[in-house]
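The next block holds one structure in the form of structure tokens; read it before the comments.
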Amino acid sequence: MAATELQNSALADALDELADLNELDGAVSYRVLAYRNAARRVREAPVSVAALARAGRASELPGIGATIQEKILALRETGTIPALEKLRQSYPPGLIAIMRLPGIGAKRTRLLFSELGVDSPEALRQAALAQRVRAVKGLGPKFEQAALRALEAGTEAGARRRVTLPTALQTAQEIVRELQAAGPPDARIEIAGSIRRAVDAVKDIDLVAVTVEPEKLAGALAGLERIESAGTPSAAGVRARSHSGLSIDLRVAAPDQFGNLLQHFTGSGAHNAALREAAVRRALHVSEYGIEDERSGRTLRCADERAVYEALGMRFIPPELRESRGELAAAAIEGGSGLPDLIELRDIRGDLHCHTHASDGKASIEEMAAGAITCGYGYLAITDHSASHGFGNDVSPDELRRQIERVRECDAELEEIELLAGSEVNVLPDGSLDYEDELLEQLDWVVASIHTSFSMGREEMTRRMVRAVEHPLVDAIGHPTGRKVEQREPYALDLDAVFDAAARAGTFLEINANPDRRDLPDPAARAAAAAGVKLVIDSDAHRVSTLANMRWGVASARRAWLTSHDVANTLEWPRLKALRKRAR
DNA sequence: GCCGTTTTCGGCCCGACTGTTTTCAGTCG
């Protein structure tokens with residue numbers, strides 16, 4: 001593969017820009033939708049879509065047809081797409097920034113541009129302050145004020161940034177508790193939306209509820225101390241915004257429609273759109289209120305979600321799978337391939353990656369062991385950082401030898417759990433490790449991770465990683481892509497080549513469960529399992545409390561369609577030990 | 001622009017809210 005192969009993220013950005021510019025250009029909405037859908041597919045694809053296109057196979061991906069494949073090829077071969085260049089001539093780049101402001105879409109952006117020459121957020125601010133916006137037919141003073149507020153919010157640093165799943169979940173649970181205290185006593189409130197699907201990063205909180213006093217519940221949300229502003233509370237619910245910039249949607253349903261509402265509000269948008277399209281082919285129309293049968297004119301109301309999917313000829317689809325990644329076809333009762341029996345937290349038998357005082361952890365071996373026992377584990381690998389980690393946390397070879405002794409001593413005293421002597425060894429830029437093999441041989445479990453030199457080229461980074469994967473004493477690769485949720489892109493890496501090497505060598509790849517990492521990301525974890533790679537889910541805990549991070553890794557595994565058979569640390573240690581490549 | 005157990009052409013999910021209107025368009029999820 002070419003060293004400078006076009007990255008999926010850059011390709012997806014180009015497709016998103018095509019969507020934006022086509023929208024500005026007034027193209028039929030389905031074309032815009034097609035570009036956005038294609039961009040999403042490319043962004044999620046675990047393999048290089050540009051490389052696929054070169055082989056004429058990108059159009060095998062759902063949502064990518066002959067036309068978009070041609071554009072991908074043009075971009076990878078000439079660095080640009082003719083249609084994109086042409087649209088860029090007509091619409092200044094500032095228009096896209098205006099279009100992204102809440103409450104302003106393509107139509108109004110174009111109106112502002114054609115009527116007032118407004119071509120940037122700053123130009124919009126000037127026009128609004130001079131009250132020229134309200135003079136445009138179709139706009140008014142309310143819109144002018146809303147535009148100013150949107151501009152203001154947009155300049156606040158990180159105003160619209162997403163938060164990681166645990167943060168969002170905790171906030172959502174607090175709100176539910178506050179609503180249960182302040183709202184009507186009969187209210188049953190559940191968390192829906194992207195939190196329920198256990199995504200990596202959350203932009204808003206969706207709540208659904210049943211109560212006999214819906215207005216009172218909606219009013220209670222609008223009145224919470226944490227709410228900065230809210231729409232008009234009604235019997236249907238309310239939309240509000242917290243002081244921290246999170247948007248919160250509450251919707252209320254009748255009890256016999258609760259399943260319809262929960263399904264609708266859990267999403268994803270793409271899942272719902274695909275579900276409804278499939279329903280239309282059966283002459284059924286799905287909404288949050290029920291399923292209308294076109295022929296009888298009757299509407300089926302569902303008290304629970306299972307009934308919604310059953311009415312459409314499908315098995316219940318776990319929320320984590322609702323991303324329009326093939327789950328509808330798999331769930332079909334007639335002719336579907338079946339949904340996976342997803343892994344659960346209780347399937348996990350041990351944790352293979354954690355830190356102690358020996359490096360940058362905040363607890364002793366004994367404390368971490370006690371924590372792991374509380375988790376119900378049968379084993380725990382102590383894997384402190386290695387000889388060149390830096391930040392004052394280096395573990396010299398001699399220090400590691402002493403640490404191994406301490407782990408052995410501690411293990412001898414513990415009945416309930418097996419402590420494994422391990423290390424999280426640095427993969428140096430050339431792919432070698434920073435301990436000698438003689439030392440690694442004494443360890444029960446070796447995790448190899450990249451912690452330095454992130455900005456290498458794709459080919460060099462792939463060679464580095466494959467060399468580590470093929471090392472006979474490396475059991476697992478830690479946080480394989482190096483990405484951090486909402487903070488850092490993955491390093492340039494040919495994941496396909498890494499998966500091939502890992503499957504051949506028998507090296508485990510980690511799903512790091514730290515909620516800021518969740519690495520492998522779920523689409524990549526799914527592709528790895530499909531390539532025959534065995535995975536492990538590790539907490540990477542640096543203190544006792546973060547051993548519980550395992551749940552976020554399991555959530556990623558579920559989103560990756562994994563069963564307990566795909567994840568090696570669902571096995572007891574004797575069986576897992578025998579699976580290590582050095583035991584073969 | 002994509003796609004096919006109604007279709008290779010003509011469809012393509014559904015509804016709430018807001019602000020601007022006086023019956024609706026735009027935006028959002």
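Each chain gets a letter, A, B and so on, in the order its sequence line appears, and its residues count up from 1.
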Under 4.0 Å between any heavy atoms, over every strand shown, what does [X] touch: base, sugar-phosphate, or nothing? Just pick one.
{"X": "A/Gly231", "answer": "sugar-phosphate"}
{"X": "A/Lys71", "answer": "sugar-phosphate"}
{"X": "A/Ala106", "answer": "sugar-phosphate"}
{"X": "A/Tyr30", "answer": "base"}
{"X": "A/Leu33", "answer": "nothing"}
{"X": "A/Val32", "answer": "nothing"}
{"X": "A/Gly269", "answer": "nothing"}
{"X": "A/Leu275", "answer": "nothing"}
{"X": "A/Tyr289", "answer": "sugar-phosphate"}
{"X": "A/Ser29", "answer": "nothing"}

Can you identify which nucleotide, out of [options], has its nearest atom closest to the [X] side chain?
{"X": "A/Glu277", "options": "B/dT20, B/dC12, B/dG29", "answer": "B/dC12"}
{"X": "A/Val28", "options": "B/dT20, B/dC17, B/dG1", "answer": "B/dG1"}
{"X": "A/Glu288", "options": "B/dT20, B/dG1, B/dG15", "answer": "B/dG15"}
{"X": "A/Ala34", "options": "B/dC2, B/dC13, B/dT20", "answer": "B/dC2"}

Should A/Asp200 and A/Arg162 count as an ion pair when the cut-off is N to O under 4.0 Å?
no

We want to know whether A/Asp25 and A/Tyr91 form a side-chain donor-acceptor pair, criterion being a heavy-atom distance below 3.5 angstrom.
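Note: A/Asp25 and A/Tyr91 side chains meet the donor-acceptor criterion.
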
Kindly say if [X] contacts the phosphate of [N], meaning a side-chain N or O under 4.0 Å from OP1 or OP2.
{"X": "A/Ser287", "N": "B/dC13", "value": "no"}
{"X": "A/Thr232", "N": "B/dC17", "value": "no"}
{"X": "A/Tyr35", "N": "B/dG1", "value": "yes"}

Residue whose nearest DNA chain B nucleotide is more 5′ - A/Leu284 or A/Arg31
A/Arg31

Want to settle it: does A/Lys107 or A/His285 sit nearer the 5' end of DNA chain B, counting the closest nucleotide to each?
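Checking each residue's closest nucleotide, the 5'-ward one belongs to A/His285.
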
Is there a donor-acceptor pair closer than 3.5 Å between any side-chain N or O of A/Asn8 and the backbone N or O of A/Ala45?
yes

Kindly indicate whether the side chain of A/Arg125, heavy atoms from C-beta on, has any atom under 4.5 Å from the side chain of A/Leu148.
yes

[N] and [M]: how far apart are their [atom1] atoms, nearest whole angstrom?
{"N": "B/dT5", "M": "B/dG1", "atom1": "P", "result": "23 Å"}
{"N": "B/dG15", "M": "B/dT20", "atom1": "P", "result": "26 Å"}
{"N": "B/dG4", "M": "B/dT22", "atom1": "P", "result": "45 Å"}
{"N": "B/dT8", "M": "B/dC13", "atom1": "C1'", "result": "23 Å"}
{"N": "B/dC12", "M": "B/dT6", "atom1": "C1'", "result": "15 Å"}

Between [atom2] on [N] and [atom1] on [X], what's the gap in Å once rounded to a whole number?
{"X": "A/Leu87", "N": "B/dG1", "atom1": "CG", "atom2": "C1'", "value": "14 Å"}
{"X": "A/Leu24", "N": "B/dG26", "atom1": "CG", "atom2": "P", "value": "14 Å"}
{"X": "A/Phe143", "N": "B/dC24", "atom1": "CZ", "atom2": "P", "value": "22 Å"}
{"X": "A/Arg197", "N": "B/dG29", "atom1": "CZ", "atom2": "P", "value": "13 Å"}
{"X": "A/Leu111", "N": "B/dA25", "atom1": "CG", "atom2": "P", "value": "14 Å"}
{"X": "A/Lys142", "N": "B/dT27", "atom1": "NZ", "atom2": "P", "value": "18 Å"}
{"X": "A/Gln263", "N": "B/dG29", "atom1": "CD", "atom2": "P", "value": "18 Å"}
{"X": "A/Asn22", "N": "B/dG1", "atom1": "CG", "atom2": "C1'", "value": "9 Å"}

Testing the basics here: between A/Val485 and A/Ala201, what is the closest heavy-atom pair and its distance to 0.1 Å?
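Answer, listing the atom of A/Val485 first, then A/Ala201: CG1-CB, 3.9 Å.
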
Could you check A/Leu250, A/Asn272, A/Asp206, A/Ile191 and say which one makes a side chain to side chain contact (heavy atoms under 4.5 Å, CB included) with A/Phe265?
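Exactly one candidate clears the test, A/Asp206.
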
Is there a Watson-Crick or G-U wobble partner for B/dT8 with both distances under 3.5 Å, and which nucleotide is it?
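Paired with no nucleotide.
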
In terms of the angle between their ring planes, are A/Tyr309 and A/His271 parallel, tilted or perpendicular, with boundaries placed at 30° and 60°?
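Tilted: the ring planes of A/Tyr309 and A/His271 meet at 30° to 60°.
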
